[in-house]
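Reading through the structure tokens given below for one structure.
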Amino acid sequence: GGITQITYELTGATTRTTIEAIAQDGYKVVVKKEDYKKGTIEITAPENKACDSRIIFLASDGLGQVIMKTLKIAEGFFTLESDRNIVINSERQSISINVTSNANWYITTPELNTLYSSWLTNYQNGKISIAENTTGLPRTAEITVHSYIHGINPFIIMITQNPANEIKIANVEIPGTLSTLYSDSEVDLLVGLKINGSLNELDYAFLNSLPNLKALDLMNVRDSEIPSKFSISSLETVILPTNLTVIRDSLFWRTNLKNVVVPDGVTEIGNSAFRGNQGLGNKKVLTNFRFPASLKKIGDYAFFYCQIPKNLPFPEELTDIGDYAFYNSVLSADNYIKIPNKVKKIGDYAFAYAGISTGQLIIKGAPSTKIGKYAFEMCTGLTYSVLISDNIIEIEEGAFKNCTRISILEIGKNVKMIGPHALANTCIKKLYCYGESLPLLGKEVFLNAEKNCLVVPAGSGRWPGFSEYEEF
């Protein structure tokens, strides 16, 4: 009695074209036409036990020519032999998903809102490669096993990988009592800790006193804010509370954090929140991190001297990027980095000396946005083009100074002013300006720059000193 639907489209069909279908062995078939060339074929299996059969299709051009095609119906089977819940240890390893089927099948995993979107790889031939769990906390992923048999539901498998260390669970019913749950001899043994309940400043002071705490799971902490900064040098992994809305100023500055889960309710990352310790000479490497979709503001120095995971997109709701937000950091992408179109502020030195490594930088921005002073100075990893949208009205002083590898720069039609030294020490091969009139230039905009080809609308004017001019 099961029903399967198949879409079809006829090449070369005309208004005279007709299509018919013939079923047998108890099967029923209906052709539901969308128009003369495409539609849906609905096949209903017999109420009793189905058997192998075939459907015959007859397509006529209305002029006497008929084409016959057949669709073979075979009884398919798809059985999962592996456990639906797989629990493994922390070691690097591979596991096999075992399926019995007379058809091909494949495995997928969703993009997870966790630390762990990349710890499962290589799904070929039912084998899954699993990275070592060094986070200090358990991690879980849901994989889906699909069959190519029409109408067969997929199987869901949960894989849980435990950490090497033991995880302690603390239920804090009254804020301020976390320290009473552990004796002096137990404090040094706390490496991984999962907390349920509510915490206050006394509890965070206790956490900061733990000498060996490596991983902290606060997901089930009910509070919407964290009242204290972390200063635990051993801390590497944190799962933040689900109800958190703001990551406070300097929250993780004094830590060596590597892995963090930020919940989707967070709208602001405060000043110096993840700031690296430049004086120690090593960047803070955030191995597992993503911006929540809800994020609107990144504060001053928020990711100063940090290394950000590759291909990490800025969320579309983002409106503010603070001064020095990514100064001397590392951001990279295989194709491009985009500043979204709701961003109203690109702060002074926001990406200066950042190890931006990508072929293209796209600056959308909200209407009337300015690119801050020295915002992209010394971003020598920009290797091809910078596209500045029509929403930008000013490129401030030194904005792209010493970006020596940009080949193409496109300036939107509403940019009215380019500040002093904004393009100093650059080697741009082609500079496109799309405004009806050229932007005003500050002092020595092109100091020590190669001025190769300027491309402008006809009649918009020319800047002196370029070796070539083109109009469109």
Under a plain distance cut-off of 3.5 Å, with no hydrogens placed, do [Y] and [X] share a side-chain donor-acceptor pair?
X      : Y      : result
Gln360 : Ser385 : yes
Asn89  : Gln93  : yes
Lys127 : Ser96  : yes
Thr237 : Asn259 : yes

Shortest non-hydrogen contact from Tyr434 toward Pro457: O-CG, 3.8 Å
Smallest separation among heavy atoms of Asp348 and Asp323, with atom names: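 Of all heavy-atom pairs spanning Asp348 and Asp323, the closest is N-OD1, 2.9 Å.
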Ring geometry between Phe446 and Phe466 (parallel below 30°, tilted from 30 to 60°, perpendicular above 60°):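 The arrangement is perpendicular - the two ring planes meet at more than 60°.
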Considering residues, nucleotides and ligands other than [X], do more than 12 of their heavy atoms fall under 6.0 Å from its [atom1]?
X      : atom1 : value
Lys451 : NZ    : yes
Glu132 : CD    : yes
Tyr384 : OH    : no
Asp35  : CG    : yes

Sole candidate of Glu397, Glu396, Lys401 that passes side chain to side chain donor-acceptor pair (under 3.5 Å) when paired with Tyr374: Glu397
Residue pairs involving residues 214-224 (criterion side-chain hydrogen bond (donor to acceptor under 3.5 Å, both in side chains); sequence neighbours excluded): Lys194-Asp217, Asn196-Asn220, Ser198-Asp223
Phe274 and its ring pair (Phe, Tyr, Trp, His ring centres under 6.0 Å) partner, picked from Trp253, Phe291, Phe326, Phe289: Phe289
Tyr327 vs Tyr353, ring pair (Phe, Tyr, Trp, His ring centres under 6.0 Å): CA-CA, chis, key distance, verdict: CA-CA 6 Å; Tyr327 184 93; Tyr353 292 82; 5.7 Å; yes
Partners meeting side-chain contact (heavy atoms from CB on, under 4.5 Å) with Asn391 (sequence neighbours left out):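 Once residues adjacent in sequence are excluded, the partners of Asn391 under the side-chain contact (heavy atoms from CB on, under 4.5 Å) criterion are Pro367, Ser389.
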Pair Asp334 + Lys310, salt bridge at N-O below 4.0 Å: yes
